Amino acid sequence: MALKIYNTLMQTREDFKPLRPDHVGMYVCGVTVYDLCHIGHARSAIVFDTIYRYLQAKGYTVDYVKNFTDIDDKIINRANKEGLTTSQVSEKYIEEYYKDMDRLGLKKPTHEPRATMHINDIILFIKGLIANGHAYESGGDVYYAVRSFEGYGKLSGKNIEELEAGARVEPGEAKKDPLDFALWKKSKPGEPSWESPWGDGRPGWHIECSAMSTCYLGQSFDIHGGGMDLIFPHHENEIAQTEGLTKTPFVRYWIHNGFVQINKEKMSKSTGNFFTIREILDRYEPQALRLFVLMHHYRSPIDFSDQSLKEAEKALYRGYSSLRLIQYLPVKGKPVLSPDKMNSFTEKISGFEKGFYDAMDDDFNTAGALSCLFDTLHLLNTYLRDSTLSPDQEAVKKLHGFMKSAADILGVFDSDPQVFLTSRKDKRLAVLGITAGEIEQAIARRASLRREKKFKEADGIRSEMLGRGIAIMDTAGGTLWDIADE
RNA sequence: GGCGGCAUAGCCAAGUGGUAAGGCAGCGGUCUGCAAAACCGUUAUCUCCGGUUCAAAUCCGGAUGCCGCCUCCA
């Protein structure tokens with residue numbers, strides 16, 4: 001099955017056909033670095049990271065560009081407030097950004113350009129737009145003449161006449177038309193500025209993405225992504241700028257992710273209902289956040305809550321617990337299963353594998369893909385349960401191989417199970433204020449009581465430990481312990 | 001006011017024509033000294049009304065409710 005992508009521009013799913021075979025150019029709008037990232041940024045980052053990984057898994061060489069907006073009003077305000085320079089502010093938050101993204105396990109994009117590193121490209125871009133009549137200078141500012149671009153509104157489905165009614169002009173602006181937007185802003189005294197043919201100033205927000213995307217990916221490229229809220233005006237304006245200059249179709253597939261909501265309301269900095277990535281990662285496993293995001297379709301809004309994070313985390317632990325047992329699968333010796341059963345084991349894995357890739361091909365349906373992953377874990381458990389069954393090498397290899405590829409694409413279940421579970425235990429033990437040594441001692445005491453058939457006392461120890469957050473489990477292979485559910 | 005989206009079991013959620021994945025929780029059972037884990041079984045006719053079709057959660061029309069964009073925003 002071929003990859004299908006929902007294209008915002010066409011408002012429908014289309015077969016994905018990149019400009020060049022085996023190669024994909026992808027640009028994703030990054031963050032404005034004036035503060036810590038919140039989980040809305042995390043969602044977007046996780047979604048496009050997964051798309052990036054999947055395209056690579058399909059064999060494409062992907063040029064993935066994700067920018068930093070490092071000059072902007074918000075950064076200037078922040079700098080003034082803290083008595084820093086704008087570049088000190090942006091440097092600081094770029095550093096914080098990387099800390100968060102690393103914890104989320106994001107693959108590095110091919111390029112991560114910053115607006116301030118491309119001022120020249122931006123100026124050239126604007127010069128071109130003035131030269132061909134799409135932009136005009138006005139008192140040190142440069143504006144894009146929206147009405148000069150015929151296709152304006154084609155991405156967001158907006159009608160230029162209706163936009164007119166809602167448009168407003170800020171005092172001091174010298175636009176010819178209220179819809180026009182700034183490409184270059186004259187700098188006020190004390191603001192960071194760059195020399196330009198129109199005097200000292202700085203770029204407007206939209207132009208940097210046009211300049212940087214085409215700089216790295218060419219006049220036309222395959223995928224441009226970002227949050228839903230960027231459709232208008234940001235991406236609409238990018239199209240106007242870029243196609244206005246190049247007279248060539250800009251982007252083939254526009255991909256937009258849905259919002260994170262809290263209590264069914266859009267997460268918003270202004271209303272204060274938001275969580276930063278790090279306050280969530282201090283409480284939950286990064287992979288749990290990732291799993292939570294990927295258990296929903298990327299275009300749907302998702303409602304964030306402690307309950308849903310806890311659920312994702314439980315599913316994560318359960319999966320890792322099964323995964324850990326793969327190494328105990330008897331791989332030596334001949335299959336004990338009848339050929340029929342052996343075939344059905346292998347066939348089932350093939351079925352899950354196909355289901356996984358079909359789902360991913362269907363507009364990156366990670367939720368559907370994950371169900372195949374859980375099905376596979378379930379099959380594994382079924383298998384492990386019956387110790388008389390020993391699958392042959394081939395089948396185990398197949399299961400293992402599929403799990404690994406799927407985990408690498410989704411970025412969940414891709415850690416070493418033993419390491420993952422141990423680190424979880426260590427972290428939780430510290431919180432619970434108990435050591436592994438204490439637990440082992442309790443288990444030893446309990447074991448001798450059990451040998452003496454003093455079950456009541458033995459159970460007492462178990463419930464005491466449970467009270468302290470430790471679950472004790474007797475298995476055929478000995479007594480194990482784990483962190484108890486809350 | 002304009003444009004767009006969503007409504008599926010107790011909760012979350014996938015599913016764009018052929019009688020409903022998966023996760024979390026629950027219930028019954030197997031296993032266990034008892035538990036836990038795991039396994040087996042079980043829990044929905046898809047907001048409502050009308051239409052198209054041999055056949056609709058899926059297409060069309062209408063109603064109700066919720067949300068987003070139209071201003072900086074992932």
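Note on naming: letters A, B, ... go to the chains in the order of the sequence lines (proteins, then strands), and numbering restarts at 1 for each one. In this text, all values refer to a predicted model and were calculated from it rather than measured experimentally.
Of all nucleotides listed (B:rA74, B:rC39, B:rC34), B:rC34 comes nearest to the side chain of A:Asp459. Taking every side-chain heavy atom of A:His378 into account, B:rC40 is the closest of B:rC40, B:rC69, B:rC67. Ranking B:rA38, B:rU16, B:rA74 by closeness to the A:Arg13 side chain, first place goes to B:rU16. Distances from the side chain of A:Leu163 to the nucleotides B:rC70, B:rA21, B:rG33 place B:rC70 closest. Listed nucleotides: B:rG68, B:rC72, B:rG23. Nearest to the side chain of A:Glu265: B:rG68. The side chain of A:Gln11 approaches B:rG4 more closely than any other nucleotide in the set B:rG4, B:rU16, B:rC40. Relative to the side chain of A:Met473, the nucleotides B:rA35, B:rC72, B:rA14 differ in distance, and B:rA35 lies closest. Which of B:rA74, B:rG33, B:rC69 sits closest to the side chain of A:Arg450 comes down to B:rG33.
If you check B:rC27 for Watson-Crick or wobble pairing at under 3.5 angstrom, you find it paired to B:rG41. Across all strands shown, B:rC34 forms no Watson-Crick or G-U wobble pair with both distances under 3.5 Å. Using the Watson-Crick or G-U wobble rule with both distances under 3.5 Å, B:rU58 pairs with nothing in any strand shown. When both pairing distances are held under 3.5 Å, B:rA21 makes no Watson-Crick or G-U pair with any nucleotide shown. Of the nucleotides present, B:rG2 is the one that pairs with B:rC69 by Watson-Crick or G-U wobble criteria, both distances under 3.5 Å. The nucleotide B:rU64 finds its pairing partner in B:rA7, both defining distances of the Watson-Crick or G-U wobble pair being shorter than 3.5 Å.
Comparing the same atom, P, in B:rA55 and in B:rG50 gives a spacing of 16 Å after rounding to whole Å. Rounded to whole Å, the C1' atom of B:rU16 lies 28 Å from the corresponding atom of B:rG10. With both ends at atom C1', the span from B:rU45 to B:rA20 equals 9 Å, rounded to whole Å. On the P atoms, B:rA37 is 43 Å away from B:rC69, given to the nearest whole Å. Comparing the C1' positions of B:rC11 and B:rC3 gives a spacing of 32 Å, expressed to the nearest Å. Taking atom C1' in both B:rC70 and B:rC59, one finds a spacing of 30 Å when rounded to whole Å. Taking the C1' atom of each, B:rA13 and B:rC6 are spaced 13 Å apart, rounded to whole Å. Taking atom C1' in both B:rU8 and B:rC66, one finds a spacing of 16 Å when rounded to whole Å.
At the phosphate of B:rG68, neither OP1 nor OP2 sits under 4.0 Å from any side-chain N or O atom of A:Arg299. For B:rG2, neither phosphate oxygen OP1 nor OP2 lies less than 4.0 angstrom from any side-chain nitrogen or oxygen of A:Asn159. In this structure, A:Lys456 does not reach the B:rG33 phosphate: none of its side-chain N or O atoms is under 4.0 Å from OP1 or OP2.
Rounded to whole Å, atom P of B:rA74 lies 16 Å from atom CD1 of A:Ile302. Regarding A:Met465, its CE atom lies at a distance of 18 Å from the C1' atom of B:rC34, rounded to whole Å. Whole-Å rounding puts the A:Asn365 CG to B:rU58 P distance at 19 Å. Spacing between atom CD of A:Gln307 and atom C1' of B:rC11 amounts to 6 Å, rounded to whole angstrom units.
Looking at heavy-atom distances under 4.0 Å, A:Val28 makes no contact with the nucleic acid at all. Contact annotation for A:Arg446: base contact, defined as any heavy-atom pair under 4.0 Å involving a base atom. Looking at heavy-atom distances under 4.0 Å, A:Gly40 makes contact with a base. Residue-level contact check: A:Lys74 touches the backbone only, with heavy atoms under 4.0 Å from sugar-phosphate atoms and none from bases. Heavy atoms of A:Ala471 sit nowhere under 4.0 angstrom from any nucleic acid atom. Across all strands shown, A:Gly30 has heavy atoms under 4.0 Å from sugar-phosphate atoms exclusively, and none from any base. Nucleic acid contact class of A:Ile472 (heavy atoms, under 4.0 Å, all strands): base.
Ion pair A:Asp482/A:Arg428 not flagged as a salt bridge, since none of the NZ, NE, NH1 or NH2 atoms sits closer than 4.0 Å to an Asp/Glu carboxylate oxygen. Taking a cutoff of 4.0 Å between a charged side-chain nitrogen and a carboxylate oxygen, A:Lys314 and A:Glu311 do not qualify as a salt bridge. Between A:Asp375 and A:Lys348 no salt bridge is recorded (no basic side-chain N to carboxylate O distance below 4.0 Å). Ionic pairing of A:Asp180 and A:Arg147 is not present here: no N-O contact between side-chain nitrogen and carboxylate oxygen is shorter than 4.0 angstrom.
Nearest-nucleotide mapping onto RNA chain B: of A:Tyr34 and A:Phe232, the residue sitting toward the 5' end is A:Phe232. When each of A:Ser300 and A:Phe455 is assigned the nucleotide of RNA chain B bearing its nearest heavy atom, the one mapping closer to the 5' terminus is A:Ser300.
Between atom CZ of residue A:Phe364 and atom NZ of residue A:Lys4 there is a gap of 12.5 Å, rounded to the nearest 0.5 Å.
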Evaluate salt bridge (Lys or Arg N to Asp or Glu O under 4.0 Å) for A:Arg468 paired with A:Glu438, printing each intermediate quantity in order.
CA-CA 11 Å; A:Arg468 298 184 64 181; A:Glu438 285 176 72; 3.6 Å; yes
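Side chains of A:Val62 and A:Thr110 form no contact here, defined as non-hydrogen atoms less than 4.5 Å apart.
Judged by distance alone, with hydrogens and angles left aside, A:Asp474 brings a side-chain donor or acceptor within reach of the base of B:rC34, the pair sitting under 3.5 Å. For B:rA21, its base sits under 3.5 Å from the side chain of A:Ser371 at one donor and acceptor pair at least.
Relative to the ring axis of A:Phe232, A:Lys158 places its NZ or CZ within 45° and under 6.0 Å from the centre.
Put simply, A:Phe374 does not rest on the base of B:rG22: the two rings are not both less than 5.5 Å apart at their centres and under 30° in tilt.
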